[in-house]
Amino acid sequence: MSRVLSAVAWPYANGPRHIGHVAGFGVPSDVFSRYMRMAGHDVLMVSGTDEHGTPILVTADKEGVTARELADRNNRVIVEDLAALGLSYDLFTRTTTGNHYRVVQEMFTTVRDNGYMVEQTTKSAISPSTGRTLPDRYIEGTCPICKYAEARGDQCDNCGNQLDPTDLIDPRSKINGETPAFVDTQHYFLDLPALAGALGEWLDERESSGTWRPNVIKFSQNILKEIRPRAMTRDIDWGIPVPGWEDQPTKRLYVWFDAVIGYLSASIEWARRLAETEGSSPERWRDWWNDPEALSYYFMGKDNIVFHSQIWPAELLAYSGSGDKGGEPGTFGELNLPTEVVSSEFMTMESRQFSTSRGHVILVRDVLERYGPDPLRYFICAAGPETSDADFTWAEFVQRNNSELVAGWGNLVNRTATMVAKNFGEIPECGPLEEVDEAVLATVRGGFGSVGALLGRHKLRAGIAEAMRIVGEVNKYLTVTEPYKMKDDSQRERLATVLHVAVQCVSDCNTLLAPFLPHAANKVHAVLGGEGELIPMPRIEEVDELEPDSGAGLVTYPVITGDYTATPAWESRAVVPGTKVDKPTPVFTKLDPSVVEEELARVSG
RNA sequence: GGGGCGGUAGCUCAGUCGGUCAGAGCAGAGGACUCAUAAUCCUUGGGUCGUGGGUUCGAGCCCCACCCGCCCUACCA
């Protein structure tokens, strides 16, 4: 048994999330975490909403609300969506908690004391009317190279050249049209070059493990070559105050020294909350962070690789004093570097990139309301952007649901339960086993090895395909043994045996599919006469702010949490003869092909 | 501009060290069966493995060039 930290990317709270987001980090991390718990590991799965930064401020201004109001609203929507999807976080919190503020500030202070945070003056664009930093992408003007009139400050969309906002002819703010002022401003920079050696050693060591996806490790090593200091503060009034600069309220820590630290602060918050309710140690988070034997897996989309394979590990190394400048760890001690950075590619929709602003989007909430969690989870597991970009189409969504989930697995559950209910009303006793019986039981048991090995390497697509192959074997077993033809009393014992074996196989297949389809697993469990839940589900809880005096400003907020100790083991469990089985109602629903047209009409915008 | 990924049957994709690697699922066609949400099971795959060269006894798998698509390049996974 190992301690396993499942660190899941923090969704940005500037709006509700679409299915591409949960395909990138949500579902894959949940399947992995559920499997690891079933396999006996001690999993801590954390995440939260990322709520600071310019985009939220801009959106809030546009809507005439405060950044905090906007963040509160979106945080709640995201929490509800992720919980409804069944994502089994131990704690899903937010970056606007007092606990997070304190953890970030402790990290910052120690990193600075260790010498890795250096002050530099730079030229940066600010909005004259608000004094806020104007990010490059919020500045537009005429491209100096091709004269395109709507070039962005960071890049010209017309000629593709990378630009500096000061190059633009006639620059203006995209937010309110005013001319930005380019002023000298003081910021803290993380001295990444002083950490490059340690980072390189870590990456080389990780590469030799052979477990990282090749493109992730190669990309990470590549960006190390051009490493340079990066600003960790910004001119903005929405964010975590910079220790030592409390007299400058318009300077705040930047997302790079905010959201990623959430993995640690959420772990600490989890331990503190558990200490209050269960009396365990508030230092329990250290089991996952200070013990070098503990494993950590970080789940995200590919645009976030640089955060997790460079910036976050650099911050951890700087905190521990492990770079060229030496230093001593702070109160959190020496912190573990990521075992694995598991990055997804992108999911497109009907061949085009998701675009919330253009309405080319499918919100998680809409899919859950119309079709429930199972079809979406199944699609993401079977056809998600695991190692290359993947396209979501409604036609394939319907097709996979109908011909694989419903016709393959759902039908097996249904026909088995129907025959048992009709002939016995309970799970029958098992008589002498014949070769076919032994063979199918062995095939199914083999699934715990084959599917498990794939899930341990977070290969969802191959894992669920293997599980579905086994489902097919069980369907074949029923066709070959033909229990529905055993009507004579002399065949009664054989009928009982075949159906007993079938129920055993369905039960085991259900366990194999439980990490992928937890909601369905609980329903199938009930169909077979089981009591309660087979696999625990997360819940939303309204909690009190732990640090009311931190200045963060929250009073109560919703979190996703759960008690997953009742997770079933990753193994075959003998079904109990005599368990009542009623005539089942279908667990899965077939979708009418017309939903393809309906949905396409919705997204045509 | 720089970096990365991909281009394999109608569709979605597997193909570890180059030599049964030309495959799976779905769709389509034919058959069997009827317990089941017309579900299940069996049979059925002539696709220049993006293009053009090269290395090799032998290349989707290695090298070079080119074409196409996508992504990252300092904050929408």
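Per chain, numbering begins at 1; letters A, B, ... match sequence-line order.
Nucleotides B:G69 and B:G23 have their C1' atoms positioned 24 Å apart, rounded to a whole Å. Comparing the P positions of B:C62 and B:G4 gives an interatomic distance of 15 Å, to the nearest angstrom.
The partner of B:C49, taking Watson-Crick or G-U wobble pairs whose two distances both stay under 3.5 Å, does not exist in any strand shown. A 3.5 Å limit on both hydrogen-bonding distances identifies B:G69 as the Watson-Crick or G-U partner of B:C5. With both pairing distances under 3.5 Å, B:C41 is matched to B:G31 as a Watson-Crick or G-U wobble pair. Pair check for B:A24 finds B:U12; Watson-Crick or G-U wobble, both atom distances under 3.5 Å. Pair check for B:U56 finds none; no Watson-Crick or G-U wobble contact set falls under 3.5 Å.
The salt bridge (charged side-chain N to carboxylate O under 4.0 Å, His left out) analysis of residues 396-422 of chain A, with sequence neighbours excluded, yields the pairs A:Glu396-A:Arg400, A:Arg400-A:Glu404.
Checking the phosphate oxygens (OP1, OP2) of B:U40, no side-chain nitrogen or oxygen of A:Lys476 falls inside 4.0 Å. Residue A:Thr387 has a polar side-chain atom (N or O) positioned under 4.0 Å from OP1 or OP2 of B:A14.
Separating the CZ atom in A:Arg234 from the OG1 atom in A:Thr250 is a distance of 13.5 Å, to the nearest 0.5 Å. We find the OG-NE2 distance between A:Ser343 and A:His308 to be 9.5 Å, quoted to the nearest 0.5 Å.
Between the CZ atom of A:Arg469 and the P atom of B:G23 there is a distance of 19 Å, given to the nearest Å. Note: CG (A:Leu363) to C1' (B:C76) measures 13 Å, nearest angstrom. Following rounding to the nearest Å, A:Met347 (CE) and B:C71 (P) show an atom-to-atom distance of 15 Å. Residue A:Asn402 contributes atom CG, which lies 10 Å from atom C1' of B:U37 at whole-angstrom precision. The separation between A:Leu454 atom CG and B:U16 atom C1' is 13 Å, rounded to whole Å. Computed from coordinates, the A:Arg228 CZ to B:U73 P distance equals 12 Å when rounded to whole Å.
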Checklist entry - Which letter, B, S or -, goes with each nucleotide of nucleotides 27-36 of chain B from 5' to 3', with contact meaning a protein heavy atom under 4.0 Å? => result S-----SSBB
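The closest side-chain donor-acceptor pair between A:Thr95 and A:Glu51, if any, does not fall under 3.5 angstrom. A donor-acceptor pair shorter than 3.5 Å can be found between the side chains of A:Asp258 and A:His100. Side-chain contact check for A:Lys459 and A:Thr387: no donor-acceptor pair (N or O, by modelled atom type) lies under 3.5 Å.
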Checklist entry - Do A:His187 and A:Asp235 pass the side-chain contact (heavy atoms from CB on, under 4.5 Å) test, and can you show the C-alpha distance, the side-chain angles, and the key distance before you say yes or no? => result CA-CA 9 Å; A:His187 284 298; A:Asp235 293 291; 3.0 Å; yes
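Closest contact between the side chain of A:Lys302 and the listed nucleotides B:U12, B:C71, B:C13 involves B:C71.
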